[in-house]
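Only one structure is covered here, and it is reproduced in the block below.
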Number of protein chains: 2
Amino acid sequence: MSPLPAASHRVAVDVVVIALDDAGSATRGGGTAGSPGETTRATDTPVALAVRRPRPPFAGDWALPGTLVRDGEHLEAAALRVLAERAGLGPPRHLEQLATFGAPARDPRGRVVSVSYLALSPRPCGVAQRARWWPVAACPHLAFDHAEILTSAVERLRGKLSYSNVAYGLLPDTFTLSELQAVYEAVLDRSVDKRNFRKKVLSLGMLAEAPGQRRGPHRPAQLYRFTDTELVVIDDAITA
Amino acid sequence: MSPLPAASHRVAVDVVVIALDDAGSATRGGGTAGSPGETTRATDTPVALAVRRPRPPFAGDWALPGTLVRDGEHLEAAALRVLAERAGLGPPRHLEQLATFGAPARDPRGRVVSVSYLALSPRPCGVAQRARWWPVAACPHLAFDHAEILTSAVERLRGKLSYSNVAYGLLPDTFTLSELQAVYEAVLDRSVDKRNFRKKVLSLGMLAEAPGQRRGPHRPAQLYRFTDTELVVIDDAITA
DNA sequence: TCAAAAGTGTTACAGCTACACCCATGG
DNA sequence: CCATGGGTGTAGCTGTAACACTTTTGA
């Protein structure tokens, strides 16, 4: 079995980790208000994880967490390793490949082909040194072509929300319908009609009632869970 | 600017070229007949380009056309080069990245990370030596993980047909509505209602009348063309 | 008793599906 | 004149979008 000819490249993975922050501190576009009580706009903000580069090139700039793929290492394993090493995160609830960026000059040090991944996490949990969650809409300039990667991640997430149960990645095991709705509103950046949303999402059969209620200074809310923990594509779009 | 550490890999592109063959020679599943005259089932067959491997590993087996990416070469440029060198094809009407396959053992010679592409061509035009168009449904075993790549290509195409003008890649510059419908029927592998299809596709505004008609032993058919030659995603799905 | 969020139905409209016949041409 | 595909309209139905008030709790 003859060895392959010489041409070889460095291969990296870069991971876009997206979570929802309920602080509501970020720049929100002034969405249309809607009639009172009809469409309560969520305060959740999509945030993405970035790390500050300790070395040139782009030293001091923010970048997506990434790493070179090791010999014999699966691409997905490298993505998981990045999350653990660079951000102190365990395996995310959802991880999928996005696209591969391979422009010859994307890294000034030489050719690096980067396979990008999208990871979802329910909350921006505490992360390692040098790492930070940035609101996607107010993210500083990112090194390399990472701004482009982040954009494609958000577009992918937005698209998949409409025809899959990918919201699973952004929620805890059990959640209320209002919390689910808040995920949709935050990611789609628009308000959603409560009654239509509930009708639609319950009719799809991807949710089941979970025992218990969420209590607070208001009427208790029924908890739900996703029936599938893996990504399931539905043919009937969610457009409430 | 410090050079990167040593870990490096071979990077390849593998291209799934899909075209429609009007021979109708292939294995077609017996689709539902439908009422007479309502749903004339197309005889077009999706075919994919494969090349016979001249050398180990998998010598003599069929495989997708592919090549190692050269130093300084864009990934897409490598895909175009494959089409030209291995199949004698010019730039296709549509080319998009599919996914990247990087399992450590996918190539027995050693680590090769493969970026796969989907290319579309109107017809299975004559190709170089060692290359052949195979009906997708009756394709022989493919080397490496190329069967998996082919499957994901067909799924991608099927999905995109419903919400984009990607059919552009499978048609000549001008075409009749029946020819367009035949593309949908061949790729989706089901029959489509003629009247509903025309209503829908014309209402989307992605087609314009072209001068001239297609003549034959029947009433002449109006020619159309796509208004955009680049991929345009529509929000309103085609489900006639 | 007040504030806050949970929960719930109906109506109008748009778009989808199903369905059959006449037309224009070439042979 | 016949075979072949081109071209057209309607009616029922289904799903969507718009819309406001009552309920239950904690403070």
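Numbered from 1 within each chain, the chains take letters A, B, ... in sequence-line order. Reckoned from all heavy atoms, side chains included, excluding hydrogens, waters and symmetry mates. Nothing here was measured: the structure is a model prediction, and the numbers come from that model.
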Side chains of A:S178 and A:R198 only: does a donor on one sit below 3.5 Å from an acceptor on the other?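 Yes, A:R198 and A:S178 have a side-chain donor paired with an acceptor closer than 3.5 Å.
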
Pairwise side-chain contact, A:D44 with A:E185, heavy-atom cut-off 4.5 Å (strictly under): no

Taking the six-membered ring of B:Y168 (Phe, Tyr or Trp), confirm whether the NZ or CZ of B:R93 is under 6.0 Å from its centre and within 45° of its axis.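 Yes, a cation-pi geometry holds between B:R93 and B:Y168.
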
Side-chain N,O (A:S178) to OP1/OP2 (C:dA5) below 4.0 Å: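 No, outside the criterion.
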
With sequence neighbours left out, what residues match A:D145 under salt bridge (charged side-chain N to carboxylate O under 4.0 Å, His left out)?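 Residues passing salt bridge (charged side-chain N to carboxylate O under 4.0 Å, His left out) with A:D145: A:R106.
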
Let me know the distance between [atom1] of [X] and [atom2] of [N], rounded to the nearest Å.
| X | N | atom1 | atom2 | answer |
| --- | --- | --- | --- | --- |
| B:F197 | C:dC16 | CZ | P | 13 Å |
| A:Q181 | C:dA5 | CD | C1' | 11 Å |
| A:K194 | D:dC21 | NZ | P | 14 Å |
| B:R219 | C:dC23 | CZ | C1' | 5 Å |
| A:L180 | C:dA6 | CG | C1' | 15 Å |
| B:R198 | D:dT8 | CZ | C1' | 9 Å |

Taking the minimum atom-to-atom distance to the side chain of B:H218, which one of D:dG7, D:dG15, C:dA24 wins?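 Nearest listed nucleotide: C:dA24.
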
Got a donor-acceptor contact below 3.5 angstrom from the [X] side chain to the [Y] backbone?
| X | Y | value |
| --- | --- | --- |
| A:Q222 | A:A210 | yes |
| B:S116 | B:T100 | no |
| B:S164 | B:L161 | no |

Do the ring planes of B:F175 and B:F226 sit parallel (below 30°), tilted (30 to 60°) or perpendicular (above 60°)? tilted

Let's test your reading of the model: under 3.5 Å, does the base of C:dG15 pair with the side chain of B:K200 as donor and acceptor? no

For nucleotides 9-12 of chain C, which of its nitrogen or oxygen atoms have a protein nitrogen or oxygen under 3.5 Å away, and what is each distance?
{"from": "C:dT10", "atom 1": "O4", "to": "A:K199", "atom 2": "NZ", "distance (Å)": "2.9"}

Should A:Y184 and A:F197 be marked as a ring-ring contact (aromatic ring centres under 6.0 Å, His included) after you check the CA-CA gap, both sets of side-chain angles, and the distance that decides it? CA-CA 10 Å; A:Y184 277 78; A:F197 179 78; 5.3 Å; yes

Expected output is a numbered-order residue list: members of residues 201-216 of chain B with a heavy atom under 4.0 Å from any atom of DNA chain C. What is it? B:R215, B:G216

With DNA chain D as reference, determine whether B:P217 or B:Q222 sits nearer its 5' end, using the nearest nucleotide of each. B:P217

Between A:P220 and B:P220, which is nearer to the 5' end of DNA chain D once each is assigned its nearest nucleotide?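 The answer here is B:P220.
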
